[in-house]
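Beneath this line is the structure, given in structure tokens, with notes to follow.
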Amino acid sequence: MTDSGASSGLSSVQGPHGLPPEAEADAAVLDAKGLRALAHPVRVQLVGLLRKNGPSTATRLAERLGVNSGTASYHLRQLAAAGFVEEEPERGNARERWWRSVHQSTWFNDPDLAAREPAAAMTYLQSVAGTYTLRAQRVLNELQTMPRTWRETFDMSDWPLRLTPAEAAALHEELRAVVTRYRRDTPQEAARAPEGAERVSVILHLLPELDPPATRAGNPGPEGPTGAETP
């Protein structure tokens, strides 16, 4: 399953275990209404932008996403009805509304809900995955113009492992414990961050890739007992 960093807090998808204490204060825990409301890629991206960059208007958000302002306004109203965003009246006026995110992260940790709402769950997760891909591509496009000290921190790695479900869950908890030791990307923490601190996204995918039943039973797969590993 997946667990996002806190820079935009798009999704933290868990198994049946509950929300960790450090996330309770500012997390939206998806119920059926919330899941259906977020089952659209534009809405996932709007929530992410507001969490990452702070309050904004439909016009400015539309420019960032490459959609028209009417589309952005419609999706912001739908997100507001579901409790993900709200108006910021002190910055708005009769001509333009300002919007802000209500939460800093989203948690989807109800397997039963995913089973009851399979289409909404799949659309939501695909939207989150697509946003992660766009973020990685944007960094790659800007990599050569970054200061060398930051280019040298860049990493894209994968480590194929063979684990039991219990081991995979333990690995997830250990990795989350490491990440939560570091400073979160929130407006409050940004104000207190030391000189030189910049936004860093840690995107973790823990992906079960199950062997075919015959292979799990001890029989060789279609490539034979000495075949090369396939993607």
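Side chains are part of it too, since the values below use all heavy atoms of this structure and drop only hydrogens, waters and symmetry mates. On a predicted model such as this, the values are computed, not experimentally measured, just so you know.
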message: Strictly by salt bridge (charged side-chain N to carboxylate O under 4.0 Å, His left out), give each pair with a member in residues 155-169 just once, sequence neighbours left out.
response: R162-D211
Which residues pass the side-chain hydrogen bond (donor to acceptor under 3.5 Å, both in side chains) test with [X], not counting sequence neighbours?
| X | answer |
| --- | --- |
| N68 | T71 |
| D112 | none |
| Q137 | N141 |
| Q78 | none |

Contacts of [X] that satisfy salt bridge (charged side-chain N to carboxylate O under 4.0 Å, His left out) - sequence neighbours left out:
| X | value |
| --- | --- |
| R192 | E189 |
| E174 | none |
| R100 | E86, E88, E90 |
| E142 | none |

- prompt: Less than 4.5 Å apart, any side-chain heavy atom of L134 and any of Q45?
  reply: yes
- prompt: Is there side-chain contact between L46 and L79, with at least one heavy-atom pair below 4.5 Å?
  reply: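 Yes, their side chains come closer than 4.5 Å.
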Ring pair (Phe, Tyr, Trp, His ring centres under 6.0 Å) contacts in which one or both residues fall within residues 137-165, not counting sequence neighbours: none
query: Which residue pairs pass the ring pair (Phe, Tyr, Trp, His ring centres under 6.0 Å) test when at least one of the two sits in residues 66-89, sequence neighbours left out?
result: H40-H75
Please report, to 0.1 Å, the donor-acceptor pairs under 3.5 Å made by any side chain of residues 58-65, with sequence neighbours excluded.
none

query: Any idea which heavy atoms bring A32 and L113 closest together, and the distance?
result: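 Reported closest heavy-atom pair: CA-CD1, 3.6 Å.
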